Protein chains: 2
Amino acid sequence: MELPERKRRILKAIVENYINTAEPVGSKALADSFDTPISSATIRNEMSELEEMGYLEKPHVSAGRVPSFAAYRLYVNELMDRHRVATNELEAMRLMMESKMREIDNIVVSASKVIGEMTQHTAVSMISRKGGDRVKRCELIAVDSGSTYAAVLVTGSDVKNKMLRLAAPVAPSTAAMLCTALNLAISENRLEYLLPSVAQSMGEDSQVYQMTSDILDFIRQTEAGSKPEVYIDGAARLLDNREYQDTGRAREVLEYFSDRSKVGELLESADGDPINVRIGPELQDPSMRDASLVFTSYQIDPNTRGIVGIIAPARMDYADVTAKLMAFTQAISGVMGRQRKQLKDAGETDEQRTENDEDTSR
Amino acid sequence: MELPERKRRILKAIVENYINTAEPVGSKALADSFDTPISSATIRNEMSELEEMGYLEKPHVSAGRVPSFAAYRLYVNELMDRHRVATNELEAMRLMMESKMREIDNIVVSASKVIGEMTQHTAVSMISRKGGDRVKRCELIAVDSGSTYAAVLVTGSDVKNKMLRLAAPVAPSTAAMLCTALNLAISENRLEYLLPSVAQSMGEDSQVYQMTSDILDFIRQTEAGSKPEVYIDGAARLLDNREYQDTGRAREVLEYFSDRSKVGELLESADGDPINVRIGPELQDPSMRDASLVFTSYQIDPNTRGIVGIIAPARMDYADVTAKLMAFTQAISGVMGRQRKQLKDAGETDEQRTENDEDTSR
DNA sequence: TGTTAGCACTCGGGAACAGTGAGTGCTAAA
DNA sequence: TTTAGCACTCACTGTTCCCGAGTGCTAACA
């Protein structure tokens, strides 16, 4: 059931007005803001119908109307102007990205910083790896005289290391043997037989047994996929919004933020859309009831993608935020794409790595 | 100039009263709270003298008095009862530490969580390494067909790795040679001659040159000491305090928190004292003017120490907080000590690693 | 039939105001 | 030196009142 044009225009105006002022909007003020002359009475009629349809709410009888969550949803889906970011803003973002990427050695952190500063909202950012990376190889490196080793795991796209502190030294030659056995087990995909066999040959009390067990744990952990790290930038900016002037509310949300895994789950839910918008109740969490999350994802490499978004009151400038997020994704994909392409090209021409490449890989 | 006994008792009572109620304390209420009968008029006289001496302040003429920062300082230095933590609380802490240490793989995070939950304040925690760790060895590991290597650096106490993405493949044998050269240069302490010599033999455009340069950067970076990671737990708890009901103030402090390096600097300033207390203006930052920081440090290994503390309004229960921090340090040093001792003992008896050991090294 | 003008009604919020009570400083007596 | 007494201050609270923005309804109008 399509909303008639005039209702759409009115609803859009109400949402935008409310986004800007955070105050219930009344019929009179709204009538004035239209260029086509239309009386406040007419608007009142339309409003009361929109209210019946569930798009508007009255805080109390003699106040104006406030958009419902359904209204925000409709606004985002159909009403909102998908405006482009001004070129000077784009330029600013590009600059910001460049400087941030240089100064901070992590794309996730940079992403949240850039988006946070651009939108002046709380930004969240994380990296999501598709599937657990299979461990391809393992190296053992003696750190000191032999009672500390570092286990280094090589996966398809990453290298991880972990210190193994042993209760007694293990000879380098023994470690080397263990390493060979491990790599054999890895390549033959027979990891589960390794521990029993070590137990048999060396005994369950041996340092080697302990070591093997630790390494296997480490491998399992790595393949299970590390819990993704979630970064949050500018949580304090939340307090700038009228809806969080009440410390109780603010506390709830900040508390929610501090449980990164919840935020991470939310972000993981990104579907194929370029921009995902979750409004208020759609976030499924009471403490976030009057907030919205807008986020997008970008490819970092074939099985890694970054997700970045902002969390702000449901009354937020969706048009602005989505535009900025889009611009960001484009910019970053540009950088990434160029980098990947370079790598390929370079395979033939052996040309020098460029500045961009260096920035992000650092 | 020593404060007479009665003034001390009155000041102490005022501070403690204010800590509990967050409300200006008046002469009458205070007189009642003393067991030795003493009239409110007398207290008024004493109070007005204490005010002259700079220990008390009046929010306005007909309110009670509020302790000044100087009063807090005096309270912490001389007046406060250094009470011990109740044994059941100690037990709770021990349990908490055990579970946290198991579930979170990082001592810094655990420390802040435990202290944060114990005190119900915002906890900060970091690790500070004495001096840049010298790199002792370097390994190169091929990740894929040769265009990606991982550089693994071994320092006295740690192992770090970093991916080197190359524009063109480098043969494993070449990498091995580079590795040997690197280790030679490291052991002979002649790193600065390496790059020029690679340039000469391989050319400045070569992948090996690029690789060497990246590795040298990485080494330099590692030896310079990574910027310490600072963890903050329960920032939202700040909002529970009356002094941060005002969102403006709260925002300032949260903003301050988000700049970890500032917090880190503060913590680094720990001197030899078991407990450090920085009250209000002593924090040297306008946004922290009415907050205090109480922190302590504990040894992790010979040149690594952990620092943990809490940030809360200047009106905080110093006695409680310091006691809890002390208890924490003791507990953690106990764990660490046992671990170290075990390592040594184990050298002779080759006994199994214990649970504690495993917990913290994970 | 849809739109508009007019009107009575609602109700949150701000201003004005008075009363309360916890607090103070001062003075004079114990 | 301490204390009782007293006058004074002033934040805070509750009440009342009024304003005005906003609504719904009705009747006139295009």
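Below, chains carry the letters A, B, ... as their sequence lines are ordered, and counting in each starts from 1. Keep in mind that what you see is a predicted model, and the values were worked out from it rather than measured.
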**Report entry** Rounded interatomic separation in angstrom, taking CD from A:Glu46 and P from C:dT4
**Finding:** 10 Å

Query raised in the report: Any side-chain N or O of A:Thr42 under 4.0 Å from OP1/OP2 of C:dT3?
Result: no

Requested in this report: Mind calculating the distance between NZ (B:Lys7) and P (D:dT1) to the nearest angstrom?
Outcome: 11 Å

Query raised in the report: For D:dT1, does either OP1 or OP2 sit under 4.0 Å from a side-chain N or O belonging to B:Arg6?
Result: no

Requested in this report: Output all residues satisfying side chain to side chain donor-acceptor pair (under 3.5 Å) with B:Thr322, sequence neighbours left out; order by chain, then residue number.
Outcome: none

Report task. List in chain and number order the residues that pass side chain to side chain donor-acceptor pair (under 3.5 Å) with B:Ser33, two or more places apart in sequence or in another chain; answer none if no residue qualifies. Result -> none

Query raised in the report: Counting N and O atoms only, with roles assigned by atom type, does the side chain of B:Asn20 sit under 3.5 Å from a partner on the main chain of B:Glu16, one being a donor and the other an acceptor?
Result: yes

Query - Spacing of B:Ile14 atom CD1 relative to C:dG23 atom P, expressed in whole Å - result: 12 Å

Query - salt bridge (charged side-chain N to carboxylate O under 4.0 Å, His left out) contacts in which one or both residues fall within residues 26-39 of chain A, not counting sequence neighbours - result: none

Query raised in the report: Once you round it to whole Å, what is the distance between P of D:dT2 and CZ of B:Phe34?
Result: 13 Å

Report task. Report, as a single string ordered 5' to 3', how protein heavy atoms within less than 4.0 Å touch nucleotides 22-30 of chain D: B base, S sugar-phosphate only, - not at all. Result -> SBB------

Query raised in the report: Taking CG from A:Asp32 and C1' from D:dA21, how many angstroms apart are they, rounded to a whole number?
Result: 13 Å

Requested in this report: Round to the nearest Å and state the distance from B:Glu57 atom CD to C:dG23 atom P.
Outcome: 18 Å

Requested in this report: State which residues pass side chain to side chain donor-acceptor pair (under 3.5 Å) with B:Tyr72; sequence neighbours excluded, sorted by chain then number.
Outcome: none

Query raised in the report: Is there any salt bridge (charged side-chain N to carboxylate O under 4.0 Å, His left out) pair reaching into residues 233-243 of chain B, and which pairs are they, with sequence neighbours excluded?
Result: A:Arg251-B:Asp240, B:Glu23-B:Arg242, B:Lys113-B:Asp233, B:Asp233-B:Arg237, B:Glu243-B:Arg315

